[in-house]
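Quick notes on the structure that follows.
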Amino acid sequence: YNVDNNVEDFQSGVEEMERLLNRFEKAGCNSGAVMGGAMQALIFRMALGAPDTATVLGFIGSCMSSAAFVLSDGEEDD
């Protein structure tokens, strides 16, 4: 278990998903449909590997909280 690798892996996942969503956007795809499909695939994969429903819900809540924090932090700079 290497925390540094986990942080790097997390950031790599964020950056790769941003690149993928940007490619869909540049191709003229509906961003809502693309994000909905991506979220469904991610949640499905997460649920497959989770030991129980509470773990899945906790993970989703953590992701939402983290995204809200990043968004609110960026708004303060404006």
Side-chain angles (χ1 to χ4, degrees):
Y1 178 74
N2 187 323
V3 174
D4 290 335
N5 284 348
N6 289 343
V7 171
E8 290 176 17
D9 290 349
F10 178 90
Q11 192 59 38
S12 293
V14 169
E15 292 169 3
E16 192 63 33
M17 185 55 73
E18 285 291 332
R19 284 191 288 273
L20 177 63
L21 293 173
N22 286 338
R23 284 199 312 263
F24 278 118
E25 187 177 302
K26 288 178 184 174
C29 296
N30 178 288
S31 62
V34 167
M35 284 189 278
M39 289 292 298
Q40 179 176 318
L42 289 169
I43 291 169
F44 178 76
R45 292 284 292 269
M46 180 180 41
L48 282 177
D52 53 44
T53 304
T55 301
V56 175
L57 293 174
F59 189 77
I60 291 169
S62 176
C63 290
M64 291 171 52
S65 177
S66 178
F69 176 77
V70 170
L71 180 63
S72 68
D73 189 42
E75 289 176 350
E76 292 174 10
D77 294 339
D78 292 339

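All values derive from a computational prediction rather than experimental measurement. These values consider heavy atoms only, across backbone and side chains, with no hydrogens, waters or symmetry-generated copies.
Side-chain atoms of Thr55 and Asp52 include a donor-acceptor pair closer than 3.5 Å.
Taking a 6.0 Å sphere around CZ of Arg45, one finds it holds 12 or fewer heavy atoms contributed by other residues, nucleotides or ligands. For Met46, the CE atom counts as densely surrounded, since its 6.0 Å shell holds more than 12 non-hydrogen atoms of other residues, nucleotides or ligands.
Side-chain contact between Met64 and Ile60 is present, with at least one heavy-atom pair separated by less than 4.5 Å.
The side-chain contact (heavy atoms from CB on, under 4.5 Å) test with Glu15 is passed by exactly one of Glu18, Arg19, Met17: Arg19.
Under a hydrophobic clustering in which Ile, Leu, Val, Met, Phe, Trp and Tyr are joined whenever their side-chain heavy atoms come within less than 4.5 Å, directly or via other members, Ile43 and Phe59 fall into the same cluster. The same ILVMFWY cluster, assembled from side-chain heavy atoms under 4.5 Å apart, contains both Val34 and Leu42.
Side-chain N or O atoms of Ser65 include none that pairs as donor or acceptor with a backbone N or O of Gly61 at under 3.5 Å. Of the possible polar contacts, none joining the Asp73 side chain to the Phe69 backbone as a donor-acceptor pair under 3.5 Å is found.
Going from atom CE of Met35 over to atom CG of Leu20 covers 11.5 Å, rounded to the nearest 0.5 Å.
When every heavy atom of Val56 is checked against every heavy atom of Ala47, the shortest pair comes out as CG2-CA, 3.8 Å.
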